[in-house]
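This report concerns only the one structure given below.
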Amino acid sequence: MAPTITTEDGAIDRSTVHRSSSDSVLPTGFIDNGADFAITLRRPPDQVFAGDRFDSLFLAEMIRQSTIMICHLGYGVAPTQQFIMLGLGFEMTSPQRLSTRLKARAWAESPRFAADGQLRSTRIRFEFNDEQGSLASGYGDARIVDSSTYRRFRGAHADAQPSSGRPASNIRASQIGRHSEIDVVIRQVDDETTLDVDGHHPFYFDHPLDHVPGVAVIEAFRQSVAALTRCPTAEFETFDAVYSSTVEFGTEALLDVRPRPGTRDVEFIIVQDGRHAVCASAKLQTSPSTSISEDPVRLIDELDSAVGV
């Protein structure tokens with residue numbers, strides 16, 4: 001397999017990470033070493049990410065984009081193929097460092113190929129570093145299908161569009177550690193928390209999607225903890241999600257938050273149309289930010305009391 005190289009100050013084609021705007025492309029360089037892949041990445045000046053810390057939304061989007069890019073550039077997956085993300089997870093090792101340029105080593109784990117040699121599914125594992133050392137590790141699980149198979153899989157939801165607008169959320173951006181109200185992706189309905197992503201959001205919907213993006217679901221989990229514990233900088237130290245089905249537009253998606261009292265552990269479920277669409281588990285960071293010191297075990301106990309589990 002011949003190495004594919006792009007210069008660090010050059011541009012990765014935005015189509016290889018499924019983005020419409022070049023400003024939203026995180027990888028800046030890619031090398032196929034045969035046994036593994038070397039990637040350089042940047043932190044763009046996008047206000048959706050936290051400006052004072054290495055946050056889970058940025059990490060999840062790095063994993064998503066890099067997984068797709070490796071499948072395209074490293075395994076020759078055609079642009080016409082469709083991706084279904086089946087899972088995503090990570091562990092932050094140095095969340096307090098805010099680096100603008102990062103490097104990653106990545107490798108495919110148990111790739112599966114069709115009879116014609118085309119990649120059909122794989123787990124891509126990552127180790128992320130900056131000039132000071134390790135930042136995080138993670139993985140992305142991808143299944144690749146052709147367009148006709150994807151349309152059969154999506155059924156009546158194929159080509160669905162997000163709603164044209166939404167009323168302002170009843171949760172303020174300041175409550176969940178974001179700067180803009182459009183970045184709030186949850187809403188309180190009576191005693192329940194629901195997923196509520198603005199269909200005009202320039203980050204989540206900068207490219208066509210017929211479902212709620214998976215990284216928005218991860219951010220909704222984080223925001224639900226931040227809102228319920230009244231700790232805007234609440235963050236994940238570890239996170240693992242399994243996407244059993246896509247989260248659809250136009251149907252209420254409930255966030256079921258299940259803390260484990262006396263620990264830093266939380267479990268999450270997205271319930272839509274009576275089914276479990278996404279199941280995830282996480283451990284909260286011991287120090288959500290460099291400026292605020294919270295006891296995560298106490299926060300979990302407060303969360304347990306707040307949701308009445």
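For reference, positions follow the sequence shown, starting with 1.
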State whether F58 and R43 meet the cation-pi test: NZ (Lys) or CZ (Arg) under 6.0 Å from the six-membered ring centroid, and within 45° of the perpendicular axis.
yes
R19/E61 salt bridge by N-O under 4.0 Å criterion:
yes
Should the pair K103-D130 be classified as a salt bridge under the 4.0 Å nitrogen-to-oxygen rule?
no
Apply the test ring pair (Phe, Tyr, Trp, His ring centres under 6.0 Å) to residues Y139 and F126: give CA-CA distance (whole Å), side-chain angles for both, the deciding distance (0.1 Å), then the verdict.
CA-CA 6 Å; Y139 66 88; F126 299 91; 9.3 Å; no
Are the charged groups of E127 and R105 less than 4.0 angstrom apart, N to O?
yes
Indicate whether the side chain of E235 and that of S56 have a donor and an acceptor atom separated by less than 3.5 Å.
yes
Closest non-hydrogen atoms of I144 and C71, given as atom of the first, atom of the second and distance, are CD1-SG, 4.2 Å
Co-members of the apolar cluster containing W107 [side chain, <4.5 Å]:
none
If only atom types and distance count, is the side chain of S169 paired as donor or acceptor with the main-chain N or O of I171 below 3.5 Å?
yes
Considering all heavy atoms of both residues, which atom of A160 and which atom of F249 are nearest to each other, and what is their separation?
O-CE1, 3.8 Å
Please answer: with hydrophobic residues joined when any side-chain heavy atoms are less than 4.5 Å apart, are V242 and F221 in the same cluster?
no
Considering only NZ, NE, NH1 and NH2 on the basic side and carboxylate oxygens on the acidic side, decide whether D265 and R260 come within less than 4.0 Å.
yes
By side chain to side chain donor-acceptor pair (under 3.5 Å), S94 pairs with (sequence neighbours left out) R97
Keeping R264 on the side-chain end and L284 on the backbone end, is there a donor-acceptor pair under 3.5 Å?
yes
Check ion pair R178-D55 (N to O, under 4.0 angstrom):
yes
Search all heavy atoms of T67 against all heavy atoms of M85 and return the closest pair with its distance.
CG2-CE, 4.3 Å
By side chain to side chain donor-acceptor pair (under 3.5 Å), which residues pair with T193, not counting sequence neighbours?
Q188
Should we count CG of D116 as having more than 12 external heavy atoms under 6.0 Å?
yes
Side-chain donor or acceptor of Q65 paired with backbone N/O of S24 under 3.5 Å
yes
Whether the side chain of D256 engages the backbone of I269 through a donor-acceptor N/O pair (distance < 3.5 Å, no angle test) should be reported.
no
Please step through ring pair (Phe, Tyr, Trp, His ring centres under 6.0 Å) for the pair H72 and F83, ending with a clear verdict.
CA-CA 11 Å; H72 281 308; F83 282 72; 5.1 Å; yes
If you measure from the Lys or Arg side-chain nitrogens to the Asp or Glu carboxylate oxygens, is any gap between E248 and R154 under 4.0 Å?
yes
